[in-house]
Peer 1: 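Could you have a look at this structure, given as structure tokens, before my questions?
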2 protein chains.
Amino acid sequence: MNDVSGTVPLHSPQHVEVLAALRSGRANSRAALANITGLSPTTVAARVDALIEQGHVVETGPGESRGGRRPRHLMIRGDAGLVGCIDLGVDRASFGLVDFAGELITERHAPLDIAADPRAVLSRALKILLDMVDEAKLAGHTRLRGISVGVPGPVSSATSRVISPSRMPGWNGVSVPELMRREIDLPILVNNDANLMAAGELLDGREPIGNQVLVKVGSGIGCGIVCGGALYTGSNGWAGDISHVVVPGAAAVPCSCGRTGCLDALASGNALVREMQVAGTNVQSVEEMIALAQDSHPLATGLLRNAGVMTGGVLATIVNFFNPERLVLGGVLADSSVFVAGVRATLYAECLPMATDQLSIDVAQFAATGGLRGAGRIFLDQLFSADGVRTSA
Amino acid sequence: MNDVSGTVPLHSPQHVEVLAALRSGRANSRAALANITGLSPTTVAARVDALIEQGHVVETGPGESRGGRRPRHLMIRGDAGLVGCIDLGVDRASFGLVDFAGELITERHAPLDIAADPRAVLSRALKILLDMVDEAKLAGHTRLRGISVGVPGPVSSATSRVISPSRMPGWNGVSVPELMRREIDLPILVNNDANLMAAGELLDGREPIGNQVLVKVGSGIGCGIVCGGALYTGSNGWAGDISHVVVPGAAAVPCSCGRTGCLDALASGNALVREMQVAGTNVQSVEEMIALAQDSHPLATGLLRNAGVMTGGVLATIVNFFNPERLVLGGVLADSSVFVAGVRATLYAECLPMATDQLSIDVAQFAATGGLRGAGRIFLDQLFSADGVRTSA
DNA sequence: CGGAGTTAGTCCAGTATTGCAGGAAGTTAG
DNA sequence: CTAACTTCCTGCAATACTGGACTAACTCCG
């Protein structure tokens, strides 16, 4: 057939348009493509032929008739390559392989302490990922074309460097692409974990929704934004970083940022576990705590609800300001119904009815794989764009 | 020459591209147009010729040489029509005429109580506007092609109706276009006043900045958002409505929305004047109060500073969330340096350094005419777009 | 002042795109 | 089992767009 893109390849300027439409899932036949791109059927046919010729697209047999001739379904060729996805958490990491069609082929979860030396952490992560690739290859899959990494801290959109991350000691100024490329010659992308989760959870639907917010409450608190149907990362890359918003009227708990009363220091998973420990319980993780709350443990329930209320209080301002149509709660704490109820109650109490009556508040659907899916999606979005994957710096 | 667009006309699909580039001010010759549109010089030349033929564009003589042949400057024909702009405030209104080139030709300011019957208010506003048109016509200007109105309350983007406006008693559910079209047969646009001011202040620059926030603090508090270089109004039209965000730890002043401690009830011009009156002073307007503060009146100064601090506290969350590159303060209170200092101080104190060190915090440049300019701009943007001006219902 | 270098704009032949008129392959109704 | 209608896809001639060579107009420097 041929080789599908090397390191920084690009697709012919026009074909991107058709590819993007196909990838969006909103069109899967020549006719539908013509419809949503606005191009003429003739042009679409010509471009699709070229893409098939190049091996990017395949025809997958006839679809259902809608009262006339059956459409000949088209698909992105998934087996053209793999994207390695690494979602680094504070004390564990998730790994996945996404094929070129955007499907998550395999996943793996392993403990990994991010506080260790960045180089060692990335080295270890890369090894795990490459092991997965080896196994997948046995199953007939093709080459790894790039790696997309998520980290629990702010990432500069200009330099791809991690900046002032409160949960990643030793990582300030680190460039993940730079470090990883010392070990492997592939395009590498880094992003904040909440942004990846937003991409995975919110950009997935067939009919994409324009303005949405995803709040990830795990060890820390982060938030990813979708604006106008695309991931929004702000002017410098740290849009959505609400960790250090001061919570009105809360206790003056000291925060890693040097101030007191930050949302992260009060309502994050870490903060809650510490509170449980201070109170004398033997809780080691948020999961344990949520389990306790499900058994009506008074302290755990109270703390979780209160964390929901505090988070909801901050989100109220955001909902008023941003007027999204959908708010999604993700991360470990989203598994706690008490927490979710706290968020919902506070939002409905503190926002004007106007702002909430068209708003849907949901819980993330993909749980532990949302970040991986998002990592794959973002990489592929860039790969299948007019200028290909550029690993900055 | 010919007639430039009737009521709901559209320009030929392609020409919009060139027109938009010209209107943006970032290009004023064929060569520059080719540069920023990405079209070939040949195509641009052809389209410009067509536009000149149609009377939308004129050649305005040679420009400065940049080391080679001089460019032949191009301009949108301003005299092709006028847009009537009405910026309704709580107790006064501004009126302006903007020509098709986007220049504000005339302006007028008059007292007008918005609490009166909507129909009467609009009738009176229209009369003033038409008077201005008559005068302008004597000066050689052409026909009125539409009206763009700003109101101090939320406007639904779907229906163009004013919804739950706390400062506009009797206006809930009112459709300004509908009412005005009973008196005049022209396309009418309505928008929130802060959005218009944002359009006027932030979309004006030669080199447009992507993500900005304008906060208008006058009688009330509102905020307009520019995201990705375009005005952002959210999913329903009320993005930026921060009037009813609860201010942390402030007095429980009752608000028109039925709750207590809203930003609008504490830091708006109205709230401050009332505070001054409660304290026994004889202040009647924010302007008086600002004048007092400039003479170091302790209470006025203190209240203004505190209003700045409270506003800054809310904006801190927004800056963290939205990560804009620029924040602009407008409205009457932006004339008070104490207020501005309060906002600045609080932002720098409550945001992470990361979020503020690339942020510029400015004061609006157009003062009373920002809203009018924005009204004109938004109307023209729609008129010169692929689908023309649609006055929704 | 006159060539070298630059920038702006135009002419022209080749290519991409479109609109439209079919053809292909269905469904539905009688 | 036609006949009428839908929907999907493909020729073909007309049209729009492009890239590159060319002209025009100007600056700069020796």
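Throughout, protein chains are lettered first and strands after them, A, B, ... in sequence-line order, and every chain is numbered starting at 1. Worth knowing before you read on, the calculation uses all heavy atoms, side chains too, and leaves out hydrogens, waters and symmetry mates. Just so it is clear, the model here is predicted, and its values are computed rather than measured.
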Peer 1: What is the distance from NE2 of H15(B) to C1' of dA16(D), rounded to the nearest Å?
Peer 2: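 Distance, rounded to whole Å: 11 Å.
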Peer 1: By the salt bridge (charged side-chain N to carboxylate O under 4.0 Å, His left out) test, which pairs, at least two apart or in different chains, include something from residues 54-71 of chain B?
Peer 2: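 Every pair satisfying salt bridge (charged side-chain N to carboxylate O under 4.0 Å, His left out) with a residue in residues 54-71 of chain B: R30(B)-E59(B), E59(B)-R72(B).
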Peer 1: Atom CD of E17(A) to atom C1' of dT17(C): distance rounded to whole Å?
Peer 2: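 Nearest whole value for this atom pair: 12 Å.
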Peer 1: Just N and O in the side chain of R66(A): are any of them under 4.0 Å from OP1 or OP2 of dT27(C)?
Peer 2: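 No, outside the criterion.
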Peer 1: Rounded to the nearest 0.5 Å, what separates atom CD1 in I209(B) from atom OG in S235(A)?
Peer 2: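 Those atoms lie 8.5 Å apart.
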Peer 1: E64(A) CD to dT27(C) P: how many Å, rounded?
Peer 2: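 So the CD-P distance, E64(A) to dT27(C), works out to 9 Å.
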Peer 1: Taking OP1 and OP2 of dT10(C), is either one under 4.0 Å from a side-chain nitrogen or oxygen of R72(B)?
Peer 2: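 For dT10(C), OP1/OP2 do have a side-chain N/O of R72(B) under 4.0 Å.
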Peer 1: Could you tell me the separation between the CZ atom of R30(A) and the C1' atom of dG23(C), rounded to a whole number of Å?
Peer 2: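 From R30(A) CZ to dG23(C) C1': 15 Å.
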Peer 1: Within the structure provided, determine whether L82(B) and V98(B) are in side-chain contact (heavy-atom separation under 4.5 Å).
Peer 2: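 Side-chain contact under 4.5 Å: no.
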Peer 1: Taking atom P of dG19(C) as reference, at what distance in whole Å does atom CG of N35(A) sit?
Peer 2: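 Result: 13 Å.
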Peer 1: I want to check something: taking the side chain as every heavy atom from C-beta on, are L104(A) and T369(A) in contact at a cut-off of under 4.5 Å?
Peer 2: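 Yes, at least one pair of side-chain atoms sits under 4.5 Å.
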Peer 1: Could you tell me how far apart Q14(A) (CD) and dT18(C) (C1') are, to the nearest whole angstrom?
Peer 2: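 Taking atom C1' of dT18(C) as the reference, CD of Q14(A) is at 15 Å.
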Peer 1: Can you list, by residue number, the residues of residues 41-50 of chain B that have a non-hydrogen atom closer than 4.0 angstrom to DNA chain C?
Peer 2: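 Result for residues 41-50 of chain B: P41(B), T42(B), A45(B), sorted by number.
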Peer 1: For S65(B), answer base if it contacts any base atom (sugar-phosphate contacts may also be present), sugar-phosphate if it contacts only those atoms, and nothing otherwise; contact means non-hydrogen atoms under 4.0 Å.
Peer 2: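 Sugar-phosphate contact only.
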Peer 1: With a 3.5 Å distance limit and no angle check, can you tell me whether N191(B) reaches the backbone of N195(B) through a side-chain donor-acceptor pair?
Peer 2: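 Answer holds: no.
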Peer 1: Give a yes or no on whether the backbone of G237(A) and the side-chain of N323(B) come within a donor-acceptor separation of less than 3.5 Å.
Peer 2: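 At least one qualifying donor-acceptor pair exists.
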Peer 1: Would you say the side-chain atoms of E201(A) pair up with the backbone N or O of F366(A), donor to acceptor, closer than 3.5 Å?
Peer 2: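 Confirmed, E201(A) side chain pairs with F366(A) backbone.
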Peer 1: For the base of dC26(D), is there a side-chain donor-acceptor partner from R69(B) under 3.5 Å away?
Peer 2: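 Checked by distance alone, the answer is no.
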Peer 1: Relative to the 5' end of DNA chain C, which residue comes earlier, L39(A) or A31(B), by the nucleotide with the nearest heavy atom?
Peer 2: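 Its nearest nucleotide being more 5', the pick is A31(B).
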